Amino acid sequence: MENTYLIEFKDFSNQEGHLTPIENCRDIPFEIKRIYYITKVKPGIRRGFHSHRKLCQVLIAVHGSVKILVKNPFEEQIINLASPIQGLFIGPMVWREMYDFSEGSVLLVLASEYYDESDYIRDYECYTRESNEFYLEI
Ligand code: T46
């Protein structure tokens, strides 16, 4: 889907466990300015329900699993993030919803910008209007 894709990270594994390195601008296609993580999400909870105008992010289920619905006015996709060596890149103007967080799951997010509420589009009708123009231009 436009502006979303999966990234495979390295996995150094041996009898002592697994190690996954992530290098700024090498494994991630932008300079990381912010990191946050989402934990202890109760069963049945759905989060997100927004798009970003400019922000790029990579979502990683470093523990457990979580489903991500990504959509734009023309297509939609559900990705089951369930591996710490897989990241989901989400670029600008992609609506996202996160749900089905498994018990104890940790969703790590690497972001290209500092937190800025004015970059969010939280109303779906506004999103449809703005994104129609956005996708017609690209
Ligand atoms: C996204 C998905 C995957 C901050 O103050 N700083 C931050 O860096 C973030 C991310 C959030 N906040 C505050 C804003 C809200 O008062 O934390 C509160 C919860 O944020 P929100 O309701 O936006 O959380 P989610 O899980 O719906 O969305 C988050 C990110 O906000 C968003 O950018 O793409 O995770």
Side-chain angles (χ1 to χ4, degrees):
M1 202 183 102
E2 194 74 51
N3 265 352
T4 69
Y5 57 86
L6 286 167
I7 302 172
E8 295 291 325
F9 302 121
K10 295 185 198 89
D11 177 16
F12 294 99
S13 72
N14 58 26
Q15 283 161 344
E16 287 100 46
H18 290 250
L19 185 153
T20 296
I22 298 178
E23 295 189 339
N24 203 22
C25 301
R26 291 184 173 171
D27 300 296
I28 302 292
F30 51 77
E31 194 179 338
I32 300 163
K33 287 209 179 130
R34 179 166 53 104
I35 296 172
Y36 60 92
Y37 35 88
I38 298 174
T39 59
K40 298 180 186 171
V41 178
K42 295 206 172 84
I45 294 292
R46 217 169 162 105
R47 304 181 62 111
F49 298 98
H50 62 258
S51 164
H52 286 280
R53 294 188 169 89
K54 292 196 180 134
L55 187 71
C56 294
Q57 303 193 104
V58 173
L59 282 60
I60 308 164
V62 287
H63 185 71
S65 63
V66 53
K67 292 200 179 74
I68 316 287
L69 166 76
V70 281
K71 66 175 173 178
N72 64 36
F74 312 104
E75 50 187 340
E76 74 174 60
Q77 201 180 341
I78 293 168
I79 296 114
N80 187 33
L81 276 183
S83 163
I85 59 164
Q86 204 170 51
L88 175 65
F89 173 88
I90 307 182
M93 297 309 268
V94 177
W95 189 263
R96 82 281 322 261
E97 294 169 23
M98 302 90 77
Y99 62 103
D100 272 4
F101 286 79
S102 68
E103 199 183 340
S105 61
V106 178
L107 180 65
L108 175 73
V109 184
L110 313 175
S112 65
E113 304 298 333
Y114 298 120
Y115 177 71
D116 174 9
E117 185 58 38
S118 71
D119 187 63
Y120 283 72
I121 309 174
R122 294 189 185 270
D123 177 81
Y124 194 72
E125 274 184 31
C126 290
Y127 167 71
T128 311
R129 263 197 316 277
E130 283 192 40
S131 60
N132 270 317
E133 287 169 28
F134 176 85
Y135 286 102
L136 285 176
E137 278 169 20
I138 58 173

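When a ligand or atom number is given, it counts from 1 through the structure's own listing order. These numbers were taken from a predicted model, which means no experiment stands behind them.
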* How far is atom 8 (O) of ligand 1 from its nearest protein heavy atom, and which residue and atom name does that atom have? -> Arg34 NH1, 2.5 Å
* **Of the listed options Glu97, Arg122, His50, Arg47, closest to atom 28 (O) of ligand 1 (non-hydrogen atoms)** => His50
* Which residue and non-hydrogen atom of the protein lie closest to atom 11 (C) of ligand 1, and at what distance in Å? -> Tyr115 CE1, 3.8 Å
* Look at ligand 1 and say whether His52 reaches it with a heavy atom at a distance under 4.0 Å. => yes
* Asked: atom 3 (C) of ligand 1: which protein heavy atom is closest, and how many Å away?
  -> Met98 CE, 3.5 Å
* **Mutual orientation of the aromatic rings belonging to Phe89 and Phe30 [parallel < 30°, tilted 30-60°, perpendicular > 60°]** => tilted
* **More than 12 heavy atoms of other groups within 6.0 Å of Tyr124 OH** => yes
* Answer yes or no: are there more than 12 heavy-atom neighbours, outside Gln15 itself, under 6.0 Å from its atom CD? => no
* Asked: Which of the atoms in ligand 1, numbered in the order shown and given with their element, are less than 4.0 Å from a heavy-atom of Ile38?
  -> 26 (O), 35 (O)
* Establish, from distance only, whether the side-chain atoms of Glu75 and Tyr135 form a donor-acceptor pair under 3.5 Å. => no
* Asked: Does ligand 1 have any atom sitting under 4.0 Å from a heavy atom of Arg46?
  -> no
* Asked: With no hydrogens and no angle check, is any side-chain donor or acceptor of Arg47 less than 3.5 Å from a backbone partner on Ile45?
  -> no
* To do: Verify whether the ring centers belonging to His18 and Phe12 lie closer than 6.0 Å.
  => no
* **Any N or O of Tyr36 closer than 3.5 Å to N or O of ligand 1** => yes
* Charged N to carboxylate O under 4.0 angstrom, Glu23 versus Lys10? -> no
* **Joint cluster assignment, Tyr115 & Leu59, ILVMFWY side-chain distance < 4.5 Å** => no
* Structure fact -> Which of Lys54, Arg53, His52 passes side-chain hydrogen bond (donor to acceptor under 3.5 Å, both in side chains) with Asp119? Answer is His52
* Asked: Is there a protein heavy atom at a distance of less than 4.0 Å from atom 18 (C) of ligand 1?
  -> no
* To do: Check whether any heavy atom of Tyr120 sits under 4.0 Å from an atom of ligand 1.
  => yes
* **Part of Glu117 within contact of ligand 1 (heavy atoms, under 4.0 Å)** => neither
* Does the protein put a heavy atom less than 4.0 Å from atom 26 (O) of ligand 1? -> yes
* Asked: Quick one: does atom 33 (O) of ligand 1 have a protein heavy atom under 4.0 Å from it?
  -> yes
